[in-house]
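The structure displayed is predicted, hence computed values, not measured ones.
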Amino acid sequence: MATNRTFTMIKPDAVQDNHIGGILSMIEAGGFRIVALKKVQLTPERAGQFYEVHKERPFYQDLVKYMSSGPIVAAILEKDNAVADFRTLIGATNPANAEEGTIRKKYAKSIEANAVHGSDSDENAQIEGDFYFPANEQF
Ligand code: IDP
Ligand code: MG
């Protein structure tokens with residue numbers, strides 16, 4: 001059954017280029033509520049863990065290097081049909097194929113530096129959200 005949460009990251013290129021506000025605005029305008037938010041820099045080890053599912057793919061090492069190259073913004077988002085609707089809002093992985101009006105069409109620079117992450121399933125949304133926002137986190 002579809003749940004109402006997904007997980008996103010604003011990737012290092014978009015943070016570096018001062019697009020945190022622009023991207024969060026598109027997310028809110030798209031009907032998503034930001035339920036958790038933080039800016040952090042991943043170590044290569046942590047980036048490698050996050051993208052473990054891609055470890056056999058040829059771009060894995062570059063992806064880990066890129067995702068640990070500067071701060072990212074991680075967020076949990078809420079909306080009906082969140083996972084699928086957020087994938088629609090971000091657009092295709094390769095910005096050359098991303099539709100008008102999508103976040104990647106507006107902000108992505110390349111197939112790697114593509115501005116944002118979006119979970120691909122309810123199960124991964126839960127796992128990825130827990131990665132950044134563990135239940136026992138103290139302030
Ligand atoms: P997604 O982010 O649209 O779900 P995935 O296939 O899950 O795309 O790939 C994860 C991330 O790996 C992409 O967002 C992108 O940053 C990077 N990536 C995917 N395919 C390539 C590629 O062919 N070359 C370089 N980087 C890639
Ligand atoms: Mg993916």
Side-chain angles (χ1 to χ4, degrees):
M1 195 190 80
T3 59
N4 61 350
R5 287 190 173 192
T6 191
F7 171 80
T8 187
M9 290 182 287
I10 302 175
K11 296 186 178 184
D13 58 301
V15 171
Q16 174 65 31
D17 293 345
N18 236 8
H19 296 316
I20 296 173
I23 290 171
L24 291 180
S25 290
M26 285 183 77
I27 290 171
E28 289 188 328
F32 294 84
R33 180 163 293 276
I34 297 165
V35 299
L37 184 71
K38 69 168 57 149
K39 183 181 180 190
V40 291
Q41 183 158 354
L42 294 169
T43 62
E45 289 69 30
R46 288 290 276 163
Q49 285 167 18
F50 186 89
Y51 283 110
E52 189 106 46
V53 291
H54 293 312
K55 67 175 183 295
E56 304 305 331
R57 296 175 76 176
F59 57 80
Y60 176 72
Q61 293 300 334
D62 283 343
L63 179 61
V64 167
K65 198 169 158 192
Y66 158 61
M67 287 302 296
S68 57
S69 67
I72 62 98
V73 171
I76 295 172
L77 307 176
E78 203 165 76
K79 182 185 181 298
D80 288 348
N81 200 34
V83 167
D85 285 1
F86 192 67
R87 293 295 304 201
T88 301
L89 179 64
I90 68 177
T93 306
N94 186 345
N97 303 325
E99 303 227 15
E100 283 300 334
T102 63
I103 294 173
R104 283 171 167 166
K105 178 72 178 184
K106 185 161 185 187
Y107 291 114
K109 291 175 158 165
S110 68
I111 192 170
E112 179 180 72
N114 58 5
V116 283
H117 169 83
S119 303
D120 61 8
S121 66
D122 288 333
E123 186 191 5
N124 285 333
Q126 181 75 47
I127 291 167
E128 292 169 0
D130 289 347
F131 183 95
Y132 285 95
F133 302 97
N136 61 357
E137 192 173 36
Q138 301 286 313
F139 297 98

| Rounded to the nearest 0.5 Å, how far does CD of Glu99 lie from OG1 of Thr88? | 9.0 Å
| note | Closest non-hydrogen contact found for Asp13 with Ala113 is OD2-O, 3.3 Å
| task | Under the side-chain hydrogen bond (donor to acceptor under 3.5 Å, both in side chains) rule, collect the residues that match up with Asp120, sequence neighbours excluded. | result | Asn124
| note | Sequence neighbours excluded, the answer for side chain to side chain contact (heavy atoms under 4.5 Å, CB included) partners of Pro58 is none
| message | Using every non-hydrogen atom in the two residues, find where Leu37 and Ala75 come nearest and quote the distance to one decimal. | response | CD1-CB, 3.8 Å
| query | Considering all heavy atoms of both residues, which atom of Pro12 and which atom of Gly70 are nearest to each other, and what is their separation? | reply | CG-O, 3.8 Å
| said: I need the minimum non-hydrogen distance between Ile23 and Ala14, along with the two atoms involved. | reply: CD1-CB, 3.8 Å
| Test side chain to side chain contact (heavy atoms under 4.5 Å, CB included) applied to Ile27 and Ile103, Ile90, Val116, the passing residue | Ile103
| Pair listing, salt bridge (Lys or Arg N to Asp or Glu O under 4.0 Å) test, anchored in residues 76-88, at least two apart | Arg5-Glu78, Lys79-Asp85
| request: Could you grab the distance from atom CG of Asp122 to atom CG of Asn4, nearest 0.5 Å is fine? | output: 9.0 Å
Determine all donor-acceptor pairs shorter than 3.5 Å in which one atom belongs to a side chain in residues 125-136; sequence neighbours excluded.
unit_1	atom_1	unit_2	atom_2	d
Gln126	NE2	Asp130	OD1	3.4
Gln126	NE2	Asp130	OD2	3.4
Glu128	OE1	His117	NE2	2.8
Glu128	OE1	Ser119	OG	2.7

| field | Qualifying side chain to side chain donor-acceptor pair (under 3.5 Å) pairs with a residue from residues 20-49, counting only residues at least two apart or across chains | value | Lys38-Glu137, Arg46-Gln49
| Sequence-distant partners of Glu112, side chain to side chain contact (heavy atoms under 4.5 Å, CB included), two or more places apart | Asp62, Tyr66, Ser110
| message | Can you list, by chain and residue number, the hydrophobic cluster partners of Val53 when the side-chain cut-off is 4.5 Å? | response | none
| Linked, directly or transitively: Ile10 and Ile34 (ILVMFWY side chains, under 4.5 Å) | yes
| request: Treat each ILVMFWY residue as a node, draw an edge where side-chain heavy atoms are under 4.5 Å apart, and state whether Leu42 and Tyr60 are in one component. | output: yes
| field | Phe7 with Val83, same ILVMFWY side-chain cluster at under 4.5 Å | value | no
| Can you name the residues that form a ring-ring contact (aromatic ring centres under 6.0 Å, His included) with Phe59, not counting sequence neighbours? | His54
| field | Partners meeting salt bridge (charged side-chain N to carboxylate O under 4.0 Å, His left out) with Lys109 (sequence neighbours left out) | value | Asp17
| request: Would you mind listing every salt bridge (Lys or Arg N to Asp or Glu O under 4.0 Å) that reaches into residues 63-72, with sequence neighbours excluded? | output: none
| query | With side chains defined as the heavy atoms from C-beta onward, is the minimum distance between Met67 and Ile72 less than 4.5 Å? | reply | yes
| task | Would you confirm whether Asn114, through its side chain, and Thr93, through its main-chain N or O, come within 3.5 Å as a donor-acceptor pair? | result | yes
| task | Can you tell me which residue pairs pass the ring-ring contact (aromatic ring centres under 6.0 Å, His included) test with a partner in residues 72-94, sequence neighbours excluded? | result | Phe32-Phe86
| note | Applying side chain to side chain contact (heavy atoms under 4.5 Å, CB included) to Lys105 and not counting sequence neighbours gives Ala98, Glu100, Thr102
| query | Going from CD1 on Ile76 to OG1 on Thr6, what distance comes out if it is rounded to the nearest 0.5 angstrom? | reply | 9.5 Å
| Shared hydrophobic cluster, Val15 / Met9 (ILVMFWY, side-chain heavy atoms < 4.5 Å) | no
